[in-house]
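First the proteins, then the strands, lettered A, B, ... as listed; each starts at 1.
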Amino acid sequence: MYVLIDCDHFYVSCERVFNPKLNGQPVVILSNNDGSIVDRSNEAKALGIPMGAPYFQWRDFLKRHHVAVLSSNYALYGDLSFQVMRTLETFNPDCEIYSIDEIFLTLSENDDPIAFGRFLKEKIKRWTGIPVSIGIAPTKTLAKVANRQAKKLYSLDGVCAFLSSEQIEKNLETLPTEDIWGIGRRFSNFLQKKGIYTAAQFKNQDDHWIRNALSTKALRTAWELRGIPSLEFDEMRPNKHSIVISRSFEHPIIKLETLEEIISTYAARETEKLRQAKRLASSLQVFLMTSFHKPREPFYANALHLTFSEPTAYTPTVVAYAKMGLQKIFREGYFYKKGGVIVTAPPLNNTMCYTETPD
DNA sequence: TCTGGGGTCCTAGGACCC
DNA sequence: TCTGGGGTCCTAGGACCC
């Protein structure tokens with residue numbers, strides 16, 4: 001059996017650990033530039049505030065309803081995430097850290113799923129202050145579904161285990177395709193056009209059809225929904241393959257020189273990250289785009305991939321390449337709203353290890 | 001005025017080689 | 001009519017995730 005532990009409205013919960021006055025209050029957390037709402041408490045959700053909503057559109061509403069509004073503090077969230085993960089590892093070392101607020105682990109036959117889930121939930125809350133919900137099922141994808149139920153049905157008290165195929169079937173019949181883990185908006189729209197609206201319908205489709213019409217990944221998702229484990233369980237967190245720094249600019253930018261400054265800063269910061277991780281970048285991608293949200297203005301987006309002559313973490317080299325790429329994709333006369341630099345740093349091996357360079 | 005940032009995996013197609 | 005075929009590596013782009 002697979003167990004998925006998912007922290008409840010994680011960013012809000014982190015803030016509450018350090019400011020208990022926020023308990024029971026409606027709270028929202030804003031994205032980097034205070035651009036949009038990236039997390040909200042149950043109380044805020046109950047007011048009808050949607051996830052991802054642009055802050056400026058909701059500012060007055062939030063004020064009127066006395067919603068606490070906080071800028072995000074990723075250093076804090078990273079810290080608490082680490083504590084939650086470490087707590088879990090003391091009870092079960094076979095953990096797969098899936099994201100900042102989710103962790104998978106496997107359960108042996110002998111354990112009572114519900115009792116184990118309750119035990120973990122209580123320990124994490126007591127040791128870290130973070131509330132979690134727990135889903136338990138025969139596959140990771142089904143554990144996701146169970147976790148959703150655990151959050152939704154108050155009577156379950158945060159722990160939901162799928163212990164029979166009847167129970168699984170019943171849940172999949174009411175699960176819309178767009179809420180299946182691994183099926184996004186694009187695929188879900190496509191499926192609906194074909195008359196497939198629920199997870200139960202989806203999993204019963206022909207294998208060849210799923211593979212050809214969607215993807216091999218979607219096929220694996222179907223198997224998982226049928227109860228056949230088809231996703232890997234990575235106990236060892238794989239090394240990152242790429243590092244991204246990208247930002248929406250506060251104001252639209254027209255001039256190349258301004259963009260050059262910004263892109264150079266991103267590139268320089270990435271070399272710091274590389275050296276911290278003791279990695280070398282083999283290539284770099286720089287991208288640039290105008291706003292998605294201005295249908296009347298001309299849209300332009302472009303990206304360029306450049307490979308270094310040899311893997312590097314040397315700031316001047318990376319900055320020079322980033323600038324060179326930028327100059328090639330830059331077009332006069334557009335209002336640029338977002339840009340970024342991605343460096344790809346392949347998994348570690350002996351020859352690619354970073355060693356001190358005069359920098 | 002103002003709409004997030006950081007990731008993964010898969011595939012099709014081109015370049016190159018024998 | 002038909003112009004070699006197969007393997008491998010790389011990249012761009014699309015789909016998805018939190």
Side-chain angles (χ1 to χ4, degrees), chain A residues 4-7 9-11 28-40 50-60 62 69 71-74 77-78 81 96-104 140-141 144 147 177-191 210-221 230-232 234 237-253 266 269-270 273 277 282-287 289-295 297 301-307 329 335 337-347:
Chain A
L4 172 62
I5 296 100
D6 188 317
C7 301
H9 36 74
F10 182 57
Y11 297 168
V28 299
I29 311 290
L30 302 179
S31 66
N32 264 27
N33 303 330
D34 288 352
S36 64
I37 294 165
V38 291
D39 197 22
R40 68 233 203 277
M51 197 68 160
Y55 174 48
F56 76 93
Q57 282 176 4
W58 287 81
R59 193 176 291 144
D60 293 343
L62 296 171
V69 177
S71 298
S72 40
N73 178 353
Y74 290 102
Y77 311 153
S81 173
E96 179 194 334
I97 295 165
Y98 178 70
S99 74
I100 193 166
D101 66 343
E102 284 170 279
I103 192 163
F104 282 103
K140 286 166 87 176
T141 306
K144 269 276 189 189
N147 196 291
T177 50
E178 70 250 35
D179 292 338
I180 303 170
W181 187 45
I183 303 294
R185 253 213 353 241
R186 283 299 251 271
F187 284 178
S188 162
N189 283 344
F190 174 80
L191 289 171
I210 296 175
R211 212 196 91 93
N212 294 330
L214 303 176
S215 67
T216 52
K217 244 178 140 181
L219 179 56
R220 277 202 287 269
T221 299
S230 309
L231 297 176
E232 268 181 60
D234 294 322
R237 217 163 139 53
N239 289 312
K240 282 185 202 172
H241 289 212
S242 63
I243 297 172
V244 179
I245 293 182
S246 80
R247 294 277 183 282
S248 293
F249 310 136
E250 210 169 326
H251 304 288
I253 297 172
Y266 294 173
R269 211 150 29 167
E270 274 176 329
K273 283 193 178 193
S282 57
S283 67
L284 158 159
Q285 196 179 348
V286 47
F287 70 91
M289 61 179 72
T290 58
S291 176
F292 284 122
H293 307 286
K294 299 257 191 288
E297 286 175 17
N302 207 347
L304 191 73
H305 200 113
L306 298 169
T307 303
I329 60 176
F335 295 95
K337 198 59 187 102
K338 185 171 179 170
V341 179
I342 304 169
V343 295
T344 55

Proximity to the side chain of [X] - top-ranked nucleotide from [options]:
X: A:S246; options: C:dA12, B:dG5, B:dG7; answer: B:dG5
X: A:S242; options: B:dC10, B:dT8, B:dT3; answer: B:dT8
X: A:N32; options: B:dG5, C:dC16, B:dT3; answer: B:dG5
X: A:R186; options: B:dT11, C:dC16, B:dG6; answer: C:dC16
X: A:V38; options: B:dG4, B:dC10, B:dG5; answer: B:dG4

Within this structure, what is the [atom1]-to-[atom2] distance between [X] and [N], rounded to whole angstrom?
X: A:I97; N: B:dT8; atom1: CD1; atom2: P; result: 15 Å
X: A:R59; N: B:dT3; atom1: CZ; atom2: P; result: 11 Å
X: A:I100; N: B:dT8; atom1: CD1; atom2: P; result: 15 Å
X: A:L231; N: C:dC16; atom1: CG; atom2: C1'; result: 12 Å
X: A:E178; N: C:dC16; atom1: CD; atom2: P; result: 12 Å
X: A:E297; N: B:dC2; atom1: CD; atom2: C1'; result: 13 Å
X: A:K217; N: B:dT8; atom1: NZ; atom2: C1'; result: 6 Å
X: A:H241; N: B:dC9; atom1: NE2; atom2: C1'; result: 10 Å

Can you tell me if the side-chain N/O atoms of [X] get under 4.0 Å from OP1 or OP2 in [N]?
X: A:S31; N: B:dT3; answer: no
X: A:S72; N: B:dG4; answer: no
X: A:K294; N: B:dC2; answer: yes
X: A:T216; N: B:dC10; answer: no
X: A:K337; N: B:dT1; answer: no
X: A:N33; N: B:dG5; answer: yes
X: A:R220; N: B:dC10; answer: yes

Q) With a 3.5 Å cut-off and no angle check, do the side chains of A:S31 and A:N33 form a donor-acceptor pair? A) no
Q. Taking the P atom of each, how far is B:dT3 from C:dC18, in whole Å?
A. 24 Å
Q) For DNA chain B, whose closest nucleotide is more 5', that of A:K273 or that of A:F56? A) A:F56
Q. Between A:S291 and A:S215, which is nearer to the 5' end of DNA chain B once each is assigned its nearest nucleotide?
A. A:S291
**Q.** Residue matched to B:dC9 through Watson-Crick or wobble contacts both under 3.5 angstrom
**A.** C:dG14
Q: Tell me, please, whether A:F104 has A:K140 positioned over its six-membered ring: NZ or CZ under 6.0 Å from the ring centre and within 45 degrees of its axis?
A: yes
Q: Test the A:R59-A:Y55 pair against the cation-pi criterion, namely NZ or CZ under 6.0 angstrom from the six-membered ring centroid and within 45° of the ring axis.
A: yes
Q: First locate atom OG1 of A:T221, then atom NZ of A:K144, and finally report the distance between them rounded to the nearest 0.5 Å.
A: 12.0 Å
Reckon [X] touches a base, only the sugar-phosphate, or nothing at all at heavy-atom distances under 4.0 Å?
X: A:Y55; result: nothing
X: A:H305; result: sugar-phosphate
X: A:I342; result: nothing
X: A:P50; result: nothing
X: A:L219; result: nothing
X: A:I183; result: sugar-phosphate
X: A:I245; result: sugar-phosphate

Q: Go through A:I37 and A:I29 one step at a time and tell me if the side-chain contact (heavy atoms from CB on, under 4.5 Å) criterion holds.
A: CA-CA 6 Å; A:I37 294 165; A:I29 311 290; over 6 Å; no
Q) Is the A:F187 to A:F190 ring centre distance short of 6.0 Å? A) no
Q) Around atom NE2 of A:H305, are there more than 12 heavy atoms of other residues, nucleotides or ligands at under 6.0 Å? A) yes
